[in-house]
**Q** 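Sharing a structure below in structure tokens format, with a few things to ask.
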Amino acid sequence: MKIIMLGAPGAGKGTQAKMIAEKYGIPHISTGDIFRANIKNGTELGKEAKTYMDKGLLVPDELTVKLLLDRVAQKDCGNGYVLDGFPRTIPQAEVLDKALSGLGDRIDYAINVDVPDENIINRMSGRRACLSCGATYHLVHIPPKKEGICDNCGQPLVLRDDDKPETVKNRLQVYHEQTQPLIDFYTAKGVLKTVDGTQDMQDVFAAITAILD
Ligand code: ADP
Ligand code: ADP
Ligand code: ZN
């Protein structure tokens, strides 16, 4: 099963993608996590990506597409995957579509996690991330067991640089301009499913599994 998560920054794509990956036994692939791992390790790719991410802009397609195509070509993707944060532009979606159709394959579901802009700033300001294992929490809605510490790996949680309100505003604008058109793109392909992302995490997940099962 090949799944794409669509939705604004902070809509809950990553939270749901991790639950989908676990339930269906497929890898969760987040381009944002891959970029953050590169930043943490000080790679050239990380240095370049950071200049865009810090401003709330998208990393250029040339850097992003190859990374993603290499990742989905790996062995563990044989039974499918859930993509979180890719594609984010029409050209990215077209490249993925071409690569898949070249293999006689296609995306099965594009799940649009729908959350209005008004809720996004709250989601983002309360988000706390573990840069070691990629886990995500929310100060109020999804707190870790021990304040400031990742449940999974015990590392300290941080407010991401790009989750500050000024940058979030830019990211929302970029979302509406460059990523939202993908909703029409996948609707036209007949694979778009929209779920109400303002519900509790478990209720959102129930809506998603009702689609996938
Ligand atoms: P969020 O989950 O909050 O939407 P991500 O972790 O997916 O954030 O992405 C963080 C940043 O990484 C984005 O704002 C963007 O700069 C960069 N990024 C991630 N995926 C892509 C992509 N597919 N294309 C371009 N930039 C990307
Ligand atoms: P995205 O990957 O779309 O940027 P995340 O999954 O990182 O979004 O979620 C953004 C923030 O909102 C995180 O702090 C997360 O813990 C929290 N969150 C996710 N789903 C819900 C939900 N259904 N209700 C309330 N908060 C949520
Ligand atoms: Zn962790």
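Note that ligands are numbered from 1 as they come in the structure, with each ligand's atoms numbered from 1 the same way.
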**Q** Is it the side chain, the backbone, both or neither of Gln199 that has a heavy atom closer than 4.0 Å to ligand 2?
**A** backbone

**Q** With heavy atoms of Tyr137 as the reference, note each atom of ligand 2 found under 4.0 Å away.
**A** 13 (C), 14 (O), 16 (O)

**Q** Report the part of Asp200 (side chain from C-beta onward, or backbone N, CA, C, O) that has a heavy atom under 4.0 Å from ligand 2; answer both or neither where that applies.
**A** backbone

**Q** Out of all atoms in ligand 1, which are within 4.0 Å of some heavy atom of Arg171? Include the element for each.
**A** 1 (P), 3 (O), 4 (O), 8 (O), 14 (O)

**Q** At a 4.0 Å cut-off, with the gap strictly under it, does some heavy atom of Ala11 reach an atom of ligand 2?
**A**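 The answer is yes: ligand 2 sits under 4.0 Å from a heavy atom of Ala11.
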
**Q** Do any nitrogen or oxygen atoms of Asp33 lie less than 3.5 angstrom from nitrogen or oxygen atoms of ligand 1?
**A** no

**Q** Heavy atom to atom 16 (O) of ligand 1, shortest distance: which of Leu57, Thr167, Ile34 holds it?
**A**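 Comparing heavy atoms across Leu57, Thr167, Ile34, the nearest one to atom 16 (O) of ligand 1 lies in Leu57.
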
**Q** Would you say Phe35 touches ligand 1, if touching means a heavy atom closer than 4.0 Å?
**A** yes

**Q** Counting heavy atoms only, which of Arg127, Arg88, Lys13 comes nearest to atom 5 (P) of ligand 1?
**A**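 Ranked by closest heavy atom to atom 5 (P) of ligand 1, first place is Arg88.
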
**Q** Should you measure from each heavy atom of Met53, which atoms of ligand 1 turn up under 4.0 Å away?
**A**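 This gives 11 (C), 12 (O), 16 (O), 17 (C) as the contact atoms.
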
**Q** Looking at Asn79, Asp105, Asp108, which one forms a side chain to side chain donor-acceptor pair (under 3.5 Å) with Lys2?
**A** Asp105

**Q** If you count the atoms of ligand 2 from 1 in the order shown, which ones are under 4.0 Å from a heavy atom of Thr136?
**A**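 Those of ligand 2 that fall under 4.0 Å from Thr136 are 7 (O), 13 (C).
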
